[in-house]
Structures are given as C-alpha cells and as structure tokens.
Amino acid sequence: QVQLVESGGGLVQAGGSLRLSCAASGLTFSRSAMGWFRQAPGKDREFVSAVSWSGGSTFYADSVKGRFTISRDNTKNFLYLQMNSLKPEDTAIYYCASTAVVTSRPEEYDYWGQGTQVTVSS
C-alpha cells in the first residue's frame with residue numbers, strides 16, 4: 001500500500017521560509033519521479049515542482065522559480081520542498097505525488113498525499 005505523508009506546512013509571514021517534507025512508503029521510491037502540487041481555495045490544482053527519480057533533473061513552475069527548491073533523499077524515502085521568499089499568493093494546500101516519469105501534468109501522477117496547508121500572511 002503506497003503512502004505519501006506531507007508535513008512541514010504552517011503559517012508564515014510574507015518573506016519567510018518553510019520546508020515541506022513528504023515521507024514515502026510502499027513504493028520503489030528510488031525509481032519514482034516525484035512532484036509537488038498546490039491547490040488554493042476556488043482554484044485548480046497546479047504544478048509547483050518535480051524531480052526525476054535520481055534527483056538529477058528538477059523542474060519548477062515559473063511562479064516559484066528561484067524561490068523554491070525541490071530535493072529528495074533516496075536513502076530515507078523522503079521528498080522535500082524548500083520554500084523561501086514566500087508570498088501571500090503561495091497560500092494553498094501542498095501535495096506530494098509520485099509518477100513513473102517526471103512530468104508537470106497532475107493526471108500523470110499515480111499516488112497522492114493528503115496535503116499540508118501553507119498560509120502566508122501579508
């Protein structure tokens with residue numbers, strides 16, 4: 001049974017930082033591409049960032065490029081998202097997800113976590 005469990009969300013002031021974590025189990029993590037998505041109230045789920053199974057290739061939405069950094073630890077089965085210079089428009093529920101081949105398309109992801117809330121106050 002595949003489980004993806006996010007943590008690290010919270011309330012932060014604009015300009016602050018948060019580090020999200022995603023603990024993975026029940027899948028061959030080291031052979032899974034991983035992604036972060038977010039969904040704000042009243043909006044569709046949107047791509048944030050993705051990383052290849054090796055960690056060698058990373059991808060970012062234009063809205064977070066230069067501020068967010070995705071990384072993974074295949075020895076611990078963890079995915080991370082370091083978020084710096086946070087803005088109020090980053091407020092959303094953040095989800096991690098797994099897929100076979102790295103992509104920004106949410107419909108290509110097989111498994112999803114339950115999400116963690118990030119709220120950025122102005």
Side-chain angles (χ1 to χ4, degrees):
Q1 180 182 356
V2 176
Q3 279 196 314
L4 301 174
V5 181
E6 303 94 337
S7 61
L11 173 64
V12 64
Q13 288 189 329
S17 298
L18 283 174
R19 189 194 195 204
L20 305 184
S21 299
C22 173
S25 61
L27 76 167
T28 308
F29 184 76
S30 60
R31 286 294 179 262
S32 300
M34 299 294 296
W36 286 100
F37 294 80
R38 66 187 182 187
Q39 188 166 19
K43 295 189 177 181
D44 293 334
R45 189 169 297 189
E46 66 171 353
F47 170 74
V48 175
S49 182
V51 60
S52 61
W53 61 268
S54 68
S57 297
T58 57
F59 305 88
Y60 297 93
D62 287 343
S63 58
V64 307
K65 204 171 291 183
R67 300 188 297 122
F68 290 10
T69 303
I70 192 171
S71 62
R72 63 188 297 160
D73 185 338
N74 286 348
T75 66
K76 298 180 180 178
N77 287 8
F78 267 83
L79 176 73
Y80 304 102
L81 186 68
Q82 178 66 44
M83 305 187 296
N84 299 328
S85 302
L86 282 162
K87 304 175 181 180
E89 51 263 44
D90 294 319
T91 295
I93 299 174
Y94 283 72
Y95 301 88
C96 68
S98 67
T99 184
V101 178
V102 66
T103 175
S104 63
R105 296 163 56 92
E107 61 269 29
E108 302 286 342
Y109 283 75
D110 304 304
Y111 300 101
W112 294 79
Q114 84 289 346
T116 186
Q117 176 71 48
V118 171
T119 303
V120 184
S121 64
S122 56

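The shortest side-chain heavy-atom distance between Ser63 and Arg38 falls under the 4.5 Å cut-off.
Criterion: ILVMFWY side-chain heavy atoms under 4.5 Å apart, direct or through other members. Under it, Leu86 and Leu81 are part of a common hydrophobic cluster. Cluster annotation: Leu79 and Leu4 are assigned to the same hydrophobic cluster (Ile/Leu/Val/Met/Phe/Trp/Tyr, side-chain heavy-atom contacts under 4.5 Å, transitive). In the hydrophobic clustering of this structure, Phe59 does not group with Val48; members are Ile, Leu, Val, Met, Phe, Trp, Tyr whose side-chain heavy atoms approach within less than 4.5 Å, directly or through other members. In the hydrophobic clustering of ILVMFWY residues, with side-chain heavy atoms under 4.5 Å counting as a link, Leu18 and Val120 come out together. With hydrophobic clusters built from ILVMFWY side chains whose heavy atoms lie under 4.5 angstrom apart, Trp53 does not share a cluster with Tyr80.
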Show your working on side chain to side chain donor-acceptor pair (under 3.5 Å) between Ser17 and Asn84 and close with a plain yes or no.
CA-CA 4 Å; Ser17 298; Asn84 299 328; 2.9 Å; yes
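Leu11 CG to Gln117 CD: the interatomic distance, rounded to the nearest 0.5 Å, is 9.5 Å. Note: Ser21 OG to Arg72 CZ = 14.0 Å, rounded to the nearest 0.5 Å. Here CD of Gln1 is found 10.0 Å from OH of Tyr111. Values are rounded to the nearest 0.5 Å. Ser52 contributes atom OG, which lies 12.0 Å from atom CE of Met34 (distance to the nearest 0.5 angstrom).
Pairing each heavy atom of Glu6 with each of Cys96, the nearest pair is OE2-N, 2.9 Å. Heavy-atom minimum distance, Ala50 versus Val102: CB-CG2, 3.5 Å. The shortest non-hydrogen separation linking Asn77 to Asn74 is OD1-O, 3.5 Å. Nearest heavy-atom pair, Ile70 versus Trp36, reported as atom, atom and distance to 0.1 Å: CD1-CD1, 3.6 Å. Closest of all the heavy-atom pairs between Leu20 and Met83 is CG-CE, 3.7 Å. When all heavy atoms are compared, the tightest approach of Val2 to Gly26 is CG2-O, 3.4 Å.
Using cut-offs of 30° and 60° for the angle between ring planes, the Tyr94 and Phe68 rings count as tilted.
In this structure, Arg67 is not positioned above the aromatic face of Tyr60 in the sense of NZ or CZ being under 6.0 Å from the six-membered ring centre and within 45° of the axis.
The aromatic ring centres of Tyr109 and Phe37 sit less than 6.0 Å apart.
With a 6.0 Å radius and a threshold of 12 heavy atoms from other residues, nucleotides or ligands, Lys65 has its NZ atom above the threshold. Counting heavy atoms of neighbouring residues, nucleotides and ligands inside a 6.0 Å radius, atom CD of Glu107 exceeds 12 of them.
At least one donor-acceptor pair closer than 3.5 Å links the side chain of Thr99 to the backbone N or O of Glu108.
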